[in-house]
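Being a predicted model, the structure only gives us computed values, none of them experimental. Residue indices begin at 1 and follow the sequence shown. Only this structure's heavy atoms are used, side chains among them; waters, hydrogens and symmetry mates stay out.
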Amino acid sequence: MGDVPELSRLLAVGVLSEVDVHLVRMIERLCGELTPEVALALALASQWPQRGHVCVDVRALAPDDLWDQQEAPSWLGEVRLPPPAEWVSQLEDCQAVGSPEVHAPFVLWQGRWLYLRRYWEYESTLEVRLRRWVEEGDVGHDRERVQASAQRLFGRPLDDSDDQERAIRMATQHACAILTGGPGTGKTTTVVRMLALLLDLEPDLDICLAAPTGKAALRLQESIQQGCQAFEFDDALVAKLPEQAQTLHRLLGYQRHLTTFRHDEANPLPYGLVVVDEASMMDLGLAAKLLGALGPGTRLILVGDREQLPSVDAGAVFSGLCADACPLPKVELTRNYRFSQTAGIGALAGAIRAGAVDQACLVLNDAADESCRLEPLPSLNHLREAIWDVCEAYLRSLAKVMTPGEAFALWEHQRILCAHRVGPYGSENVNDLVHDLLGSRLQMPRSQRWYPGRPILITENDYAVELFNGDTGIVLPWQGKLHVFFRSANEAGYRHVPPARLPAHESAYAMTVHKSQGSEFDHVLLMLTDQPSRLLTRELLYTGITRARESVRLWGAEDVVRQGMAQPLARVSGLEARFESWEDCP
């Protein structure tokens with residue numbers, strides 16, 4: 001069978017967690033002693049969702065897949081995994097592993113994919129709802145009526161040669177529509193026109209706007225409002241558009257201390273259409289619960305960027321739905337209205353999307369173009385001073401702001417993004433260095449935790465105070481005391497929370513690229529690593545670079561950029577295999 005490593009050894013080097021090992025030991029107490037091969041497979045099926053995968057592909061797993069950090073232990077090269085056929089045979093004989101029809105803690109599907117049952121059920125829920133939409137086929141409006149409505153609203157009929165207008169027509173023809181495109185391709189403009197046309201065709205259509213995070217929901221709400229003003233639609237039509245966007249958790253009806261939502265198949269959402277922006281940030285569990293809560297007559301529009309990083313949690317649902325294997329209707333917007341496609345950020349983003357490593361490096365090394373620059377990563381001894389050189393004016397100004405409007409405008413002007421959370425070039429250490437700089441250069445007491453201008457990133461959900469993982473705020477004085485201000489949909493545009501009421505949080509002078517999704521900044525300093533890393537993927541580079549509106553500076557070596565671009569993110573799931581079984585669908 002080969003040299004299968006002991007679970008304790010994998011636990012010691014961080015390949016497995018205590019939870020993974022404890023789960024396997026509990027299975028052994030219930031089902032009897034497991035072979036080392038089966039124990040390893042079950043532990044990996046527990047660990048893989050923590051790495052973003054939905055399941056373990058036991059027929060394709062390689063020893064290198066066990067390690068996702070920068071430096072693997074030397075003994076990992078000696079690890080030998082069992083032959084797939086023998087491994088599958090052992091799993092089939094294990095009482096803890098069942099088929100989809102046989103209830104057991106783990107599911108082995110098609111003799112290949114090993115799931116924790118919870119993730120099998122999530123993926124199955126997703127498939128059932130998606131397949132129903134595909135089998136129903138077109139459910140839309142008469143073409144002539146759509147064109148007449150478009151003529152009335154936009155001054156001309158829809159042109160199917162235009163991607164945006166083809167997407168608008170898609171929304172009038174299908175119960176589920178997918179719109180993808182990078183920053184600046186006009187996704188929000190297209191959504192505004194979609195909604196206007198649908199409301200003109202169906203005046204009583206009840207529409208809900210949602211996004212995975214509060215930050216993304218607020219941006220969607222503002223973008224829709226700005227889009228309505230730009231098009232100067234009739235007041236009666238504008239009044240029918242939803243005024244607010246909400247998080248998916250709030251939409252589904254989060255219940256404190258429970259793992260279930262108020263809305264589900266038995267109590268579906270009361271909307272005719274749900275529009276989800278930043279859909280790439282949806283993990284599998286949340287996507288399954290959303291689709292499970294849609295009634296038979298509710299339609300869905302998913303909007304996002306297929307090239308962005310997926311959710312931190314398990315699954316890459318949106319990119320899977322955008323793939324060619326998925327038969328759902330979809331339109332990808334490729335024309336960029338914000339960036340030039342031949343220079344700067346637009347050219348760099350396009351090269352990264354295409355995996356054109358040499359072209360991306362040419363853009364980064366073009367001395368005549370200051371919007372994109374690749375600079376050496378400072379040594380650890382000089383990192384503190386290098387950060388001060390880049391951020392001095394920004395940090396001095398942020399320490400002096402007194403009003404929320406000024407603070408958020410300044411904070412969105414510049415941001416440090418990091419490829420990693422931990423490590424010498426990770427966001428945690430960079431935030432510590434900035435705090436140290438504030439003490440040494442701005443004479444702020446180093447022991448002082450709360451001070452005006454400190455940016456805050458929320459790291460866990462707290463529905464009691466309506467703050468959620470990824471929300472960002474700034475500490476400012478209010479009535480003689482310090483409060484943390486957050487952007488809000490209320491009339492004032494902001495709300496404030498005493499520091500003592502905050503859920504888990506951290507400083508946010510620097511944040512990981514993952515945490516920056518759904519945000520845009522004028523200038524971005526993207527800090528890579530001092531050596532190649534499995535976490536530094538093509539999608540991470542693309543996401544970090546496209547957070548910038550005007551300029552981006554990359555700190556790192558060219559070979560690190562090259563390796564990252566050559567390393568597309570791959571998340572294991574059974575979605576593609578499920579889509580392939582839909583050949584009988586229309």
Side-chain angles (χ1 to χ4, degrees), residues 213-219 222 247 250 256 384 387-388 390-418 421 426-512 515-516 518-523 525:
T213 67
K215 178 171 53 180
L218 187 59
R219 284 195 62 213
E222 292 173 343
T247 65
R250 178 177 290 178
R256 199 174 187 189
R384 183 172 170 274
I387 291 172
W388 181 251
V390 173
C391 301
E392 177 183 359
Y394 165 69
L395 293 174
R396 287 187 183 277
S397 298
L398 195 59
K400 296 177 182 177
V401 294
M402 299 299 288
T403 68
E406 293 174 336
F408 278 94
L410 178 62
W411 193 34
E412 293 176 0
H413 178 67
Q414 183 173 343
R415 193 65 53 87
I416 303 173
L417 302 182
C418 301
R421 175 183 176 84
S427 59
E428 289 182 348
N429 187 53
V430 173
N431 279 315
D432 287 343
L433 291 175
V434 171
H435 183 77
D436 185 58
L437 283 167
L438 294 176
S440 61
R441 301 301 173 89
L442 302 185
Q443 288 71 54
M444 184 195 75
R446 285 181 169 81
S447 61
Q448 187 173 337
R449 185 181 177 196
W450 297 104
Y451 49 87
R454 181 192 175 196
I456 296 295
L457 174 69
I458 302 298
T459 58
E460 72 175 18
N461 295 336
D462 188 332
Y463 282 79
V465 291
E466 297 187 348
L467 289 173
F468 309 102
N469 187 6
D471 284 352
T472 51
I474 300 179
V475 179
L476 294 169
W478 184 76
Q479 294 187 353
K481 295 182 178 180
L482 292 176
H483 282 231
V484 185
F485 281 73
F486 296 87
R487 297 185 66 193
S488 171
N490 63 29
E491 291 185 6
Y494 305 94
R495 69 188 186 96
H496 50 87
V497 178
R501 295 287 310 279
L502 293 182
H505 58 274
E506 59 191 31
S507 291
Y509 295 103
M511 58 174 56
T512 63
K515 291 291 188 180
S516 73
S519 300
E520 291 180 354
F521 315 104
D522 293 335
H523 307 284
L525 169 59

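A pairwise comparison of heavy atoms in F408 and F486 identifies CZ-CA, 4.0 Å as the closest pair. Closest of all the heavy-atom pairs between V401 and A407 is CG2-CB, 3.7 Å. Across M511 and T472, no two heavy atoms sit closer than the pair CE-CG2, 4.1 Å. Shortest non-hydrogen contact noted between S519 and R219 is N-NH1, 3.9 Å. When all heavy atoms of M402 and P477 are compared, the pair lying nearest together is CE-CG, 3.5 Å. Scanning both residues, C418 and G426, for their nearest heavy atoms gives SG-C, 3.9 Å.
At distances below 3.5 Å, at least one donor-acceptor pair connects side-chain atoms of N431 with backbone N or O atoms of Y509. A donor-acceptor contact shorter than 3.5 Å links the side chain of T459 to the backbone of A504. Although no hydrogens or angles enter the test, the distance criterion places a donor-acceptor pair under 3.5 Å between the side chain of T247 and the main chain of R250. With hydrogens and angles disregarded, a donor-acceptor distance shorter than 3.5 Å links the side chain of R454 to the backbone of R449.
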I'd like to know whether V434 forms a side-chain contact (heavy atoms from CB on, under 4.5 Å) with C391, so could you lay out the CA-CA distance, the side-chain angles of the two residues, the decisive distance to 0.1 Å, and finally the verdict.
CA-CA 9 Å; V434 171; C391 301; over 6 Å; no
Step by step, would you call L467 with R501 a side-chain contact (heavy atoms from CB on, under 4.5 Å)?
CA-CA 10 Å; L467 289 173; R501 295 287 310 279; over 6 Å; no
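Atom CG of N429 and atom CZ of R384 lie 12.0 Å apart (nearest 0.5 Å). Here W388 contributes atom CH2 and R396 contributes atom CZ; the two are 4.5 Å apart, rounded to the nearest 0.5 Å. For the atom pair CD1 of I474 and CG of L410, the computed distance is 7.5 Å after rounding to the nearest 0.5 Å. Expressed to the nearest 0.5 Å, how far CG of L398 lies from CG of L442 amounts to 10.5 Å. Once rounded to the nearest 0.5 Å, the distance linking CD1 of I456 with NE2 of H505 reads 5.0 Å. Here CG of D432 is found 9.5 Å from OG of S427. Values are rounded to the nearest 0.5 Å.
Both cation-pi conditions hold for R415 and W411: the charged atom is under 6.0 angstrom from the six-membered ring centre and inside a 45 degree cone around its axis.
A salt bridge does not link E392 with R441: none of the charged nitrogens is closer than 4.0 Å to a carboxylate oxygen. E506 and K515 are not joined by a salt bridge, as no carboxylate oxygen comes within less than 4.0 angstrom of a charged side-chain nitrogen.
With contacts defined as side-chain heavy-atom distances shorter than 4.5 Å, the pair V475/P499 does not qualify.
Classification of the H413-H523 ring pair by plane angle, with boundaries at 30° and 60°, yields perpendicular. The aromatic rings of Y451 and H435 sit tilted relative to each other, their planes meeting at an angle between 30° and 60°.
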